[in-house]
Amino acid sequence: MKRQIHIVEVGPRDGLQNDPANLTVDEKLEFIARLEAAGVTRMESGSFVSPKAVPKMANSPEVFAGLNRGGQTKHIALALNETGVRRAIEAKADEINFVLVASETFGRKNQGMSPQDSADMLAKCAPLVHEAGLPLSATISVAFGDPYDGDVDLGVVGNLAAQAQRTGIAELALGDTIGAATPWDVKRAIDRVRIEAPDVTLRMHFHDTRGAGLANVFAAVEAGVDVIDASCGGIGGCPFAPAATGNVATEDVIWMLHRAGYETGIDLTQMIDTARWLESVLGHGVSSALSRAGAFPKAR
Ligand code: COA
Ligand code: ZN
């Protein structure tokens with residue numbers, strides 16, 4: 001049997017949170033519906049953060065209220081504090097992804113928290129999510145480098161992972177928010193986190209800021225990680241990271257994986273079509289390779 005790699009589509013959240021375009025609720029819902037039609041089964045569909053901090057996510061409650069709940073897709077809500085977790089539960093998110101931070105200065109600018117503050121906040125919020133009966137995952141942001149402080153200590157990442165495991169998360173993502181990781185860093189971080197948090201499923205979140213995105217996906221898959229974040233078109237970035245660029249593009253990732261014999265359950269042609277449609281809605285081009293070059297061999 002072919003090995004399955006599970007893609008978490010983050011376009012509607014990470015993808016849109018920093019894009020110059022302001023999508024309406026209906027446009028976001030169409031984007032989400034197209035992704036679902038392409039075969040996406042898990043998706044970050046919005047975030048419940050301060051609308052002053054991230055105006056592009058201000059309409060997330062309306063987006064969640066408008067979702068088609070009859071389909072296969074689980075809609076993940078991002079939250080960084082108790083208010084966000086409560087709002088996400090109220091919006092009937094299928095799952096909550098909590099953001100931890102691995103470094104001081106980015107943590108202050110992004111969420112007003114130190115790494116330990118973010119771990120304490122998760123410990124405070126996790127019981128609310130468990131009581132609501134929802135799956136809880138966490139992402140350690142800037143796990144491979146902070147745009148202000150530079151290199152991040154793997155000891156901090158490991159320590160956050162251990163604390164996160166104790167709160168009962170099911171899955172932990174290591175986030176390369178600013179595209180600082182190399183494939184060798186990825187391997188080292190995975191090895192370390194497996195020691196510190198052996199019971200959680202690992203997931204990886206890469207940005208292609210410095211060109212190593214797909215190589216990092218390869219390193220993670222080779223290291224046995226089965227869950228990868230990606231955004232349609234390769235859009236995205238964090239508003240609190242200078243010169244941020246997009247996530248690894250879903251169509252590029254699935255093309256590479258399918259060619260290697262892995263299954264993702266996502267239709268490549270539909271994902272490329274969605275990336276091209278997205279260009280018309282955003283009013284600018286997207287960065288993925290496959291939306292420009294098309295599939296090889298020609299789409300089947
Ligand atoms: N949703 C909506 N509003 C929120 C909120 C949430 N989750 N958390 C706090 N607020 C509001 C408060 O009501 C308060 O509003 P007021 O100024 O009108 O009284 C204000 O934000 C400040 O509240 P406070 O508890 O002091 O929060 P903070 O200023 O420390 O902000 C965050 C914490 C996390 C909410 C904020 O830094 C944030 O939204 N950051 C965005 C990070 C992000 O999304 N990054 C990209 C993805 S990782
Ligand atoms: Zn990201």
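What you see is a predicted model, and the numbers here were worked out from it, not measured in a lab.
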### Task
I would like to know whether Met113 and Asn81 meet side chain to side chain contact (heavy atoms under 4.5 Å, CB included); could you show each step before the answer?
CA-CA 10 Å; Met113 295 176 205; Asn81 64 2; 4.2 Å; yes
### Message
Set out, in order, the CA-CA distance, both residues' side-chain angles and the distance that settles side chain to side chain contact (heavy atoms under 4.5 Å, CB included) for Lys92 and Arg69, then state yes or no.
### Response
CA-CA 10 Å; Lys92 303 205 167 14; Arg69 301 305 189 122; 3.9 Å; yes
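- The cluster map of Ile, Leu, Val, Met, Phe, Trp and Tyr, joined by side-chain heavy atoms under 4.5 Å apart, puts Leu80 and Met121 in the same cluster.
- At least one donor-acceptor pair under 3.5 Å links the side chain of Gln111 to the backbone N or O of Val99.
- The side-chain heavy atoms of Val281 and Trp277, taken from C-beta on, include a pair separated by under 4.5 Å.
- A salt bridge does not link Asp191 to Arg188: none of the charged nitrogens lies less than 4.0 Å from a carboxylate oxygen.
- Remark: the Asn18 side chain and the Lys56 side chain contain no N/O donor-acceptor pair separated by less than 3.5 Å.
- Without hydrogens or angle criteria, Glu251 side chain to Gly233 main chain gives a donor-acceptor distance under 3.5 Å.
- Among all heavy-atom pairs drawn from Ser45 and Ile32, the shortest one is CB-CD1, 4.0 Å.
- Taking all atoms of both residues into account, the shortest heavy-atom contact from Ser114 to Arg108 is CB-NH2, 3.7 Å.
- Between Pro135 and the options Glu95, Glu171, His130, a side chain to side chain contact (heavy atoms under 4.5 Å, CB included) holds for only Glu95.
- In terms of heavy atoms, Gln17 sits closest to Cys238 at NE2-CA, 3.6 Å.
- Side chains of Thr177 and Ser141: no donor on one and acceptor on the other come within 3.5 Å.
- Panel note: side chain Arg210, backbone Ala181; no donor-acceptor pair is recorded below 3.5 Å.
- Nearest heavy-atom pair across Gly145 and Ala180 is CA-CB, 4.3 Å.
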### Task
Kindly determine whether Val101 and Leu160 satisfy side chain to side chain contact (heavy atoms under 4.5 Å, CB included), including the steps that lead there.
CA-CA 8 Å; Val101 65; Leu160 288 173; over 6 Å; no
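- The hydrophobic clustering, which links ILVMFWY residues whose side-chain heavy atoms are closer than 4.5 Å, places Ile190 and Val156 together.
- Judged by distance alone, the side chain of Glu27 and the main-chain N or O of Thr24 form a donor-acceptor pair under 3.5 Å.
- Hydrophobic clustering of Ile, Leu, Val, Met, Phe, Trp and Tyr side chains at less than 4.5 Å, counting indirect connections, keeps Val227 apart from Val157.
- With hydrogens and angles disregarded, no donor-acceptor distance shorter than 3.5 Å links the side chain of Ser103 to the backbone of Val152.
- Between the CG atom of Asn97 and the CG atom of Leu78 there is a distance of 5.5 Å, given to the nearest 0.5 Å.
- For Asp149 (side chain) and Asp146 (main-chain N/O), no donor-acceptor pair under 3.5 Å exists by modelled atom type.
- Hydrophobic clustering (ILVMFWY, side-chain heavy atoms < 4.5 Å, transitive): Val54 and Val10 are in distinct clusters.
- Atom CG of Asp151 has 12 or fewer neighbouring heavy atoms from other residues, nucleotides or ligands inside a 6.0 Å radius.
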### Task
Check the pair Lys124, Asp120 against salt bridge (charged side-chain N to carboxylate O under 4.0 Å, His left out), reporting the backbone distance first and the verdict last.
CA-CA 6 Å; Lys124 189 172 168 200; Asp120 293 343; over 6 Å; no
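- The nearest pair of heavy atoms linking Ala102 to Pro115 is C-CG, 3.7 Å.
- In this structure, CZ in Arg166 is found 11.5 Å from CD1 in Ile169, a value given to the nearest 0.5 Å.
- Put simply, the side chain of Leu282 reaches to within 4.5 Å of the side chain of Val286, judged on heavy atoms.
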### Query
So Thr245 and His207, side chain to side chain donor-acceptor pair (under 3.5 Å) or not? Walk me through it.
CA-CA 7 Å; Thr245 59; His207 283 258; 5.6 Å; no
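- Within a 6.0 Å sphere centred on OH of Tyr148, other residues, nucleotides and ligands contribute more than 12 heavy atoms.
- Checked for salt-bridge contact, Glu30 and Arg34 meet the test: a charged N lies under 4.0 Å from a carboxylate O.
- Looking at heavy atoms from C-beta onward, Thr167 lies out of side-chain contact with Phe98 at the 4.5 angstrom threshold.
- Looking at heavy atoms from C-beta onward, Glu82 lies in side-chain contact with Leu128 at the 4.5 angstrom threshold.
- Two different hydrophobic clusters hold Met256 and Val8 under the rule that ILVMFWY side chains link at heavy-atom gaps under 4.5 Å.
- With a 4.5 Å cut-off on side-chain heavy atoms, Ile235 and Asn247 do not count as touching.
- Of the possible polar contacts, none joining the Gln270 side chain to the Leu35 backbone as a donor-acceptor pair under 3.5 Å is found.
- For Thr73, the side chain to side chain contact (heavy atoms under 4.5 Å, CB included) partners two or more places apart in sequence, or in a different chain, are Glu36, Met43, His75.
- In this structure a side-chain-to-backbone donor-acceptor pair under 3.5 Å is missing from Asn110 to Phe240.
- For the atom pair CG of Leu257 and OG1 of Thr250, the computed distance is 11.0 Å after rounding to the nearest 0.5 Å.
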### Query
Going through the checks in order, is the side chain to side chain donor-acceptor pair (under 3.5 Å) test met by Gln163 and Gln116?
CA-CA 10 Å; Gln163 293 191 66; Gln116 188 54 46; 2.9 Å; yes
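- Interatomic distance, Asp229 CG to Met204 CE, rounded to the nearest 0.5 Å: 9.5 Å.
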### Message
Run the side chain to side chain contact (heavy atoms under 4.5 Å, CB included) test on Asp14 and Ser231 for me, step by step, so that the C-alpha distance in whole Å, both residues' side-chain angles and the decisive distance to 0.1 Å come before the verdict.
### Response
CA-CA 8 Å; Asp14 204 341; Ser231 85; 5.8 Å; no
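- For the atom pair Asp252 CG and Cys232 SG, the distance stands at 10.0 Å (nearest 0.5 Å).
- Inter-residue side-chain proximity for His6 and Ile228 is flagged as unmet; no heavy-atom pair is nearer than 4.5 Å.
- Note that CD1 of Ile266 and CD1 of Ile5 are 11.5 Å apart. Values are rounded to the nearest 0.5 Å.
- Residues Thr41 and Gln72 have side chains in contact (heavy-atom distance under 4.5 Å, counting atoms from C-beta outward).
- A salt bridge between Arg203 and Asp226 is absent, with no side-chain N of the basic residue lying under 4.0 Å from a carboxylate O of the acidic one.
- Nearest heavy-atom pair, Ser291 versus Ala275, reported as atom, atom and distance to 0.1 Å: CB-CB, 4.1 Å.
- The closest donor-acceptor contact from the side chain of Asp94 to the backbone of Ile76 lies at 3.5 Å or more, if one exists at all.
- With Lys109 contributing its side chain and Glu104 its backbone, the two residues share no donor-acceptor pair below 3.5 Å.
- Within the 4.5 Å cutoff, the side chain of Leu172 has no heavy atoms near those of the Thr201 side chain.
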